[in-house]
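Chain letters run A, B, ... following the sequence lines, proteins first and then strands; every chain starts at 1. Values reported hereafter were calculated over all heavy atoms of this structure, with side chains retained and with hydrogens, waters and symmetry mates removed.
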Number of protein chains: 2
Amino acid sequence: MTVAEKEYTISELAKEFDITSRSIRHYEDENLISPERRGTHRIYSPRDRVRLQLILRGKRLGFSLAQIREIIDLYDLPEGKQKQTTLLIGLIQERRDALLQQRKDINFMLKELDMLEGKLD
Amino acid sequence: MTVAEKEYTISELAKEFDITSRSIRHYEDENLISPERRGTHRIYSPRDRVRLQLILRGKRLGFSLAQIREIIDLYDLPEGKQKQTTLLIGLIQERRDALLQQRKDINFMLKELDMLEGKLD
DNA sequence: GCGCAAGTTTACGTTTGCGTAAAGGTAAGG
DNA sequence: CCTTACCTTTACGCAAACGTAAACTTGCGC
């Protein structure tokens, strides 16, 4: 039998990730997450929680919610079925290029910060 | 004698960095850059050009213009004079922490992209 | 000295990402 | 049942980062 899956309320997740419930609902409005409903209340699964983490990671990197949705959608491929592989590979490569550029930018800035600190003798 | 410094018009820089003149003027409104004026026209020096590059780098990393201004201001320290070193070191450390977190996020996402691509066999 | 591209200011418009009431529904404890 | 804490939807508000249009001025190029 399957192990009982953990469940979360909206305010639990909000507190855990230090954001507001409003934000989480907003992400749902933007179709970035869609928790189960028990009556009117939202119930979040561990899988939903992971999605939220992905969203916040994207935010920290400066992606828009629309971009984040594109990225997240990559995770929801129908497992075996590859639904336009060439198109997907293109998308993935785009993401990768952006991230590599960001990493370059970060390394550059880190170096600059080192230099600046050096000037503060 | 000093070598003649290169000069740029607003539209030259706009074209070079693939942004609009409007954006550049906006950065000026927000005190991120302040080119020389020759009459009413703006004249950009190589130093201004570097500042613009810093701005765009910050943007690619998702920083707000206000944050970018803070970062840029670090470059304009009165050379020898250290004006509240402890405070500055704190600021620099904050920036560094944020960048290191971002680099972690990036590395995480890159790994995920690799895995996703693996599933597309 | 005229034309025309490129510059200027001023100001209102737009999108994104929530904040912040307002007005109420729901569930568990006493 | 009643309070209390937490949840819900609806909707208007707002700051950031420009877009865009209007209405001018400037300065080559001929």
Side-chain angles (χ1 to χ4, degrees), chain A residues 6-45 48-49 51-73 95 98 102 105, chain B residues 4 6-45 48-49 51-73 95 98 101-102 105:
Chain A
K6 190 153 193 228
E7 295 182 348
Y8 308 87
T9 67
I10 194 168
S11 57
E12 280 171 356
L13 290 184
K15 183 180 290 183
E16 175 175 359
F17 294 115
D18 196 31
I19 56 179
T20 64
S21 297
R22 175 67 175 89
S23 295
I24 299 181
R25 292 196 196 96
H26 181 62
Y27 302 150
E28 185 174 346
D29 288 343
E30 300 289 323
N31 300 313
L32 292 175
I33 192 171
S34 38
E36 178 190 337
R37 292 291 182 129
R38 195 155 301 158
T40 64
H41 288 44
R42 293 169 173 83
I43 305 290
Y44 297 84
S45 71
D48 290 325
R49 187 173 164 280
R51 281 181 84 90
L52 188 52
Q53 283 183 304
L54 290 174
I55 294 170
L56 298 179
R57 212 186 322 272
K59 290 223 67 190
R60 284 198 299 271
L61 293 177
F63 292 118
S64 71
L65 294 186
Q67 290 176 308
I68 292 173
R69 183 175 41 218
E70 281 186 29
I71 297 174
I72 283 186
D73 286 349
R95 283 303 98 212
Q102 282 205 38
D105 289 332
Chain B
K6 192 157 192 227
E7 295 182 348
Y8 308 87
T9 69
I10 194 168
S11 56
E12 279 170 357
L13 289 185
K15 183 180 290 182
E16 174 175 0
F17 294 114
D18 196 30
I19 56 180
T20 64
S21 297
R22 175 67 174 90
S23 295
I24 300 181
R25 291 197 195 96
H26 181 62
Y27 301 148
E28 185 174 347
D29 288 343
E30 299 291 321
N31 299 313
L32 292 175
I33 193 170
S34 37
E36 179 190 337
R37 292 291 181 129
R38 196 155 301 159
T40 64
H41 288 44
R42 294 169 173 83
I43 305 289
Y44 296 84
S45 71
D48 291 324
R49 186 173 164 282
R51 282 182 84 91
L52 188 52
Q53 283 183 304
L54 290 173
I55 295 171
L56 298 179
R57 211 184 327 268
K59 291 226 67 191
R60 284 197 299 270
L61 293 177
F63 292 118
S64 71
L65 294 185
Q67 290 175 308
I68 292 173
R69 183 174 43 217
E70 281 186 30
I71 297 174
I72 284 187
D73 286 349
R95 282 304 98 213
Q101 175 61 48
Q102 281 206 39
D105 288 332

Checklist entry - Taking atom OH of Tyr27(A) and atom CG of Asp48(A), what is their separation to the nearest 0.5 Å? => result 15.0 Å
Next on the checklist: Mind checking if Thr9(A) touches a base, just sugar-phosphate, or nothing, with heavy atoms under 4.0 Å?
Outcome noted: sugar-phosphate
Checklist entry - Roughly how many Å is it from CZ in Arg38(A) to C1' in dC6(D), rounded to a whole number? => result 16 Å
Checklist entry - To the nearest Å, how far apart are Glu7(A) CD and dC6(D) P? => result 19 Å
Distances for protein N/O vs nucleotides 17-23 of chain C N/O pairs under 3.5 angstrom?
from, atom 1, to, atom 2, distance (Å)
dG17(C), OP1, Leu65(A), N, 2.9
dC18(C), OP1, Lys59(A), NZ, 3.3
dC18(C), OP2, Tyr27(A), OH, 3.1
dC18(C), OP2, Lys59(A), NZ, 2.6
dG19(C), OP2, Thr20(A), OG1, 2.7
dG19(C), N7, Arg22(A), NE, 3.3
dG19(C), O6, Arg22(A), NH2, 3.0
dT20(C), O4, Arg22(A), NE, 2.8

Item to check | Whole angstrom value for the distance that separates C1' of dA27(C) from CD1 of Ile10(A) | outcome: 17 Å
Checklist entry - Under 4.0 Å: is that the gap between some side-chain N or O of Ser11(A) and OP1 or OP2 of dC7(D)? => result yes
Next on the checklist: Between P on dC18(D) and CG on Leu56(B), what's the gap in Å once rounded to a whole number?
Outcome noted: 9 Å
Checklist entry - How many Å lie between CD on Glu70(B) and P on dA16(D), as a whole number? => result 13 Å
Checklist entry - Where do Ile55(A) and Ile68(A) come nearest, in terms of heavy atoms and distance? => result O-CD1, 3.5 Å
Next on the checklist: Over all strands shown, is Arg37(A) touching base, sugar-phosphate only, or nothing at heavy-atom distances under 4.0 angstrom?
Outcome noted: sugar-phosphate
Checklist entry - Whole Å only: how far is the CD atom of Gln67(B) from the P atom of dA15(D)? => result 18 Å
Checklist entry - What heavy-atom pair brings Lys59(A) and Leu65(A) nearest, and what distance separates the two atoms? => result CD-CD2, 4.4 Å
Next on the checklist: Go nucleotide by nucleotide along DNA chain D from the 5' end; which of Asp29(A) and His41(A) gets its closest nucleotide reached first?
Outcome noted: His41(A)
Checklist entry - Atom CG of Leu13(A) to atom P of dC7(D): distance rounded to whole Å? => result 10 Å
Checklist outcome for this item: Rounding to 0.5 Å, atoms NE2 (His26(A)) and OG (Ser21(A)) come to a distance of 14.0 Å
Item to check | Interatomic distance, Arg57(B) atom CZ to Ile71(B) atom CD1 [nearest 0.5 angstrom] | outcome: 11.0 Å
Item to check | Non-hydrogen side-chain atoms of Arg42(A) and Arg37(A) separated by less than 4.5 Å | outcome: yes
Next on the checklist: Could you check whether Glu16(B) pairs with Arg49(B) (Lys NZ or Arg NE/NH1/NH2 to Asp/Glu carboxylate O, under 4.0 Å)?
Outcome noted: yes
Checklist entry - Looking for any heavy atom pair under 4.0 Å, which part of the strands does Arg42(A) touch: base, sugar-phosphate only, or nothing? => result sugar-phosphate
Next on the checklist: Please report the distance, rounded to the nearest Å, between CD in Glu28(B) and C1' in dA17(D).
Outcome noted: 16 Å
